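The next block holds one structure in the form of structure tokens; read it before the comments.
Keep in mind that the numbers below use all heavy atoms, side chains included, and drop hydrogens, waters and symmetry copies. Every chain is numbered from 1, with letters handed out A, B, ... down the list of sequences. Here the structure is a predicted model, which is why all the values come from computation and not from measurement.
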Amino acid sequence: MSKEITTREKDYAQWYNDIVLKAGLADYSAVRGCMVIKPYGFALWENMRDQLDKMFKETGHQNAYFPLFIPKSFLSKEAAHVEGFAKECAVVTHYRLMNDPDSGGIVVDPTAKLEEELIVRPTSETIIWNTYKTWIQSYRDLPLLINQWANVVRWEMRTRLFLRTTEFLWQEGHTAHATAQEAIDETIQMLNVYATFAEEWMAMPVIKGVKSENERFAGAVDTYCIEALMQDGKALQAGTSHFLGQNFAKAFDVQFTDKENKLDYVWATSWGVSTRLVGALIMAHSDDDGLILPPKIAPVQVVMIPIYKNDEQKKLIDEKVKLFMEDFKALGIKVKYDDDDNNRPGWKFAEYELKGVPVRIAIGARDLQNNVVEVARRDTKEKVSVSMDGLANTIFVLLNDIQKNIYDKAKNFRDNNIRNADTWQEFEQMLDKGGFVAAHWDGTAETENKIKELTKATIRCIPLNNKQENGKCILTKKPSKERVLFARAY
RNA sequence: CGGGGCGUAGCGUAGCCCGGUUAUCGCGCCACAUUUGGGAUGUGGAGGUCGCAAGUUCGAAUCUUGCCGCCCCGACCA
């Protein structure tokens, strides 16, 4: 029992950290607030990235890459944008070091000061729109549909592995359109891509909605988002898609000539998801024994473990397993055979449970005689004896079943944790239970701020296709036409 | 930046209050053997600037001062 995990009940935050560290997803690094993503964690991210990348390309986007550094003056061209990010930027001021004759160490060479400081990108709207100015002249250049996979830096005061790190990996899409409607359609399209990805691949149900003014992206006209619910009842923003209007086009003077030979500013969107999704995945599904990964994202879907008492037995098992491995691979199942003799089966069972491998197959001499294997599924911990005949097909079906079961479980939890509140007292009680609270709101930033101050809860989103009903604001009792979703959030 | 806590082997720790042999224990690591159907056992072994610096002292992990770093709570975080 060398890898105890703190239980969720005892300390949810510690449980999360334990999972990340002990399942080998990431480590703390020598740099405050920055993590090392370990191979298993990176494999998870790669699987997410590859699927998203495919979906972006299917919707007509191309990848490109823009500089890590942004001239300081660029950031200030869009007023709301700079206000939103100024307080969390890393700034490059010099380009050379020198030996310090006094201490013998290395110091910044004061003569190597940059004329204009460079900002390490917290997001790339500015450098990209500065570039788009040279790319776009005519409506024939539109739409421009670009995505980039990159790292960004936001100097947050307090960080948490995957959920909020100083440097993180993400993708950011930046598109340019001839009309407002086309840009809005793009914004919604990408929101739907994210929602589909979250639900079908990550098995994580999400609510699609639009942000209130307070929570809007700095420089956006509208921010759409997908919101997920974690097991501790707190909400997590899993992805955002922004309709930027003509804000950045105006800030960077990006105009185009339309079919009638009239000049107009370009309409823009941007959208992104980050390595935070790995954190979301952990908190949505895992349990006190470790990770639970949906098969579609798992780096290893099936692990096979031999059980033997001597070399002859091992050899017979090896031969059998080799055949199964071929069958699995033919069906596109990611399988690993762990015949490492340094660890005993019991250790391996615990280890792969910790790592969230969806299916474990144990095969021993006894099984060879009976023409069966022992199949254990991670999500329910069920163990059954399964015939060797048609094993790959059995497992293929099982993996789909696990994917569905994990989603259903998360959805059930989420649905049971959306509650309507009609009085302030109800509102506070329900927030303490965790989950989303649907309540009426008078639509003002002032009221939202007041509610945040009183309860630490924020408006996570105003759901799309929200039911319209007359009511009174939970705080001010002013009239309202729809409920919005409040929650305490990460 | 305010409040609290902590720095001893790769990790987790005892010792510190009340200074005194070779710095404790567990995990992990290395070798060998026996093991292998739920985190094995035995034997042997390696591994330490006790965060850094100065001071007090015959003598400092232990006392004093300064510095550095980390964690938690708050502020902050679209």
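- Here side-chain hydrogen bond (donor to acceptor under 3.5 Å, both in side chains) pairs that include residues 278-288 of chain A, with residues two or more places apart or in two chains, are Arg8(A)-Asp288(A), Asp287(A)-Arg378(A).
- For the P atom pair drawn from rA60(B) and rG44(B), the interatomic distance equals 35 Å after rounding to whole Å.
- The shortest distance between side-chain heavy atoms of Ile402(A) and Val359(A) falls below 4.5 Å.
- Here Arg377(A) pairs with Asp401(A) in a salt bridge; the nearest charged N to carboxylate O distance falls below 4.0 Å.
- Residues passing the side-chain contact (heavy atoms from CB on, under 4.5 Å) test with Val372(A), sequence neighbours excluded: Asp367(A), Asn370(A), Ser385(A).
- Evaluation of the side-chain contact (heavy atoms from CB on, under 4.5 Å) rule for Val300(A) yields Lys336(A), Val357(A) as partners, not counting sequence neighbours.
- Among residues two or more places apart in sequence or in another chain, the side-chain contact (heavy atoms from CB on, under 4.5 Å) test is passed with Ala235(A) by Glu227(A), Phe436(A), Arg460(A), Ala487(A), Ala489(A).
- A distance of about 40 Å separates the P atoms of rU62(B) and rC76(B), rounded to the whole Å.
- Between rU49(B) and rA61(B), the two C1' atoms lie 12 Å apart (nearest whole Å).
- Rounding to whole angstrom units, CZ of residue Phe349(A) and P of rG37(B) are separated by 7 Å.
- We find that NZ of Lys314(A) is positioned 16 Å from C1' of rG37(B), with the value rounded to whole Å.
- Whole-Å rounding puts the Asp339(A) CG to rU36(B) C1' distance at 13 Å.
- rU65(B) and rC6(B) are spaced 16 Å apart, taking the P atom of each and rounding to whole Å.
- The shortest distance between side-chain heavy atoms of Leu25(A) and Leu291(A) falls below 4.5 Å.
- Residue Asn343(A) is classed as having no contact, given no heavy-atom separation below 4.0 Å to the nucleic acid.
- Partners of His61(A) by ring-ring contact (aromatic ring centres under 6.0 Å, His included), not counting sequence neighbours, listed by chain and number: Trp271(A).
- Applying the salt bridge (charged side-chain N to carboxylate O under 4.0 Å, His left out) rule to pairs touching residues 430-448 of chain A yields Asp432(A)-Arg488(A), sequence neighbours excluded.
- Using P as the reference atom, rC50(B) and rU34(B) are 42 Å apart when rounded to the nearest Å.
- Counting to the nearest Å, the C1' atom of rG37(B) and the CD1 atom of Ile317(A) are 11 Å from each other.
- Under the ring-ring contact (aromatic ring centres under 6.0 Å, His included) criterion, Phe427(A) pairs with Trp424(A), Phe486(A), not counting sequence neighbours.
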Scoring nucleotides 71-78 of chain B by protein non-hydrogen atoms under 4.0 Å (B base, S sugar-phosphate only, - none) yields --BBBBBB
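- With rounding to whole Å, Lys22(A) atom NZ is found 13 Å from rG28(B) atom C1'.
- Looking at every heavy atom in both residues, Pro306(A) comes nearest to Met304(A) through CD-O, 4.0 Å.
- Atom name P, nucleotides rA78(B) and rC63(B): the rounded distance is 44 Å, in whole Å.
- The nucleotide whose nearest atom lies closest to any side-chain atom of Ala350(A) is, among rG38(B), rG37(B), rU36(B), rG38(B).
- For Val36(A), the side-chain contact (heavy atoms from CB on, under 4.5 Å) criterion is met by Asp27(A), Ser29(A), not counting sequence neighbours.
- When side chains are defined from C-beta on, Phe243(A) does not count as touching Glu186(A), because their heavy atoms never get closer than 4.5 Å.
- At a cut-off of 3.5 angstrom, counting only N and O atoms as typed in the model, there is a donor on one side and an acceptor on the other between the side-chain of Lys383(A) and the base of rG38(B).
- The separation between Asp289(A) atom CG and rG39(B) atom P is 14 Å, rounded to whole Å.
- Atom CD1 in Ile307(A) sits roughly 9 Å away from atom C1' in rG38(B) (whole-Å rounding).
- No engagement by Arg460(A) is indicated, since no non-hydrogen atom pair under 4.0 Å with the nucleic acid exists.
- With salt bridges taken as basic N to acidic carboxylate O contacts below 4.0 Å, one links Lys314(A) and Asp318(A).
- Remark: the separation of the P atoms in rG3(B) and rU8(B) is 25 Å, to the nearest Å.
- Remark: the separation of the P atoms in rC52(B) and rG48(B) is 14 Å, to the nearest Å.
- Stem analysis of RNA chain B (at least three stacked-register Watson-Crick or G-U pairs, each with both distances under 3.5 Å) gives B:1-7 with B:68-74, B:10-12 with B:25-27, B:29-34 with B:40-45, B:51-55 with B:63-67.
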side-chain contact (heavy atoms from CB on, under 4.5 Å) between Leu391(A) and Phe328(A), intermediate numbers included: CA-CA 9 Å; Leu391(A) 180 64; Phe328(A) 285 140; 4.1 Å; yes
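- Atom CG of Asn342(A) is separated from atom C1' of rC29(B) by 12 Å (rounded to the nearest Å).
- Note on Ala489(A): nothing from the nucleic acid sits closer than 4.0 angstrom, heavy atoms only.
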Just the atom pairs and distances: protein N or O near nucleotides 8-12 of chain B's N or O, under 3.5 Å.
none

Under 3.5 Å between N/O atoms: give me all the protein pairs with nucleotides 40-46 of chain B, atom names plus distance.
{"from": "rA40(B)", "atom 1": "OP2", "to": "Arg344(A)", "atom 2": "NH1", "distance (Å)": "2.6"}
{"from": "rA40(B)", "atom 1": "O4'", "to": "Arg344(A)", "atom 2": "NH1", "distance (Å)": "3.0"}

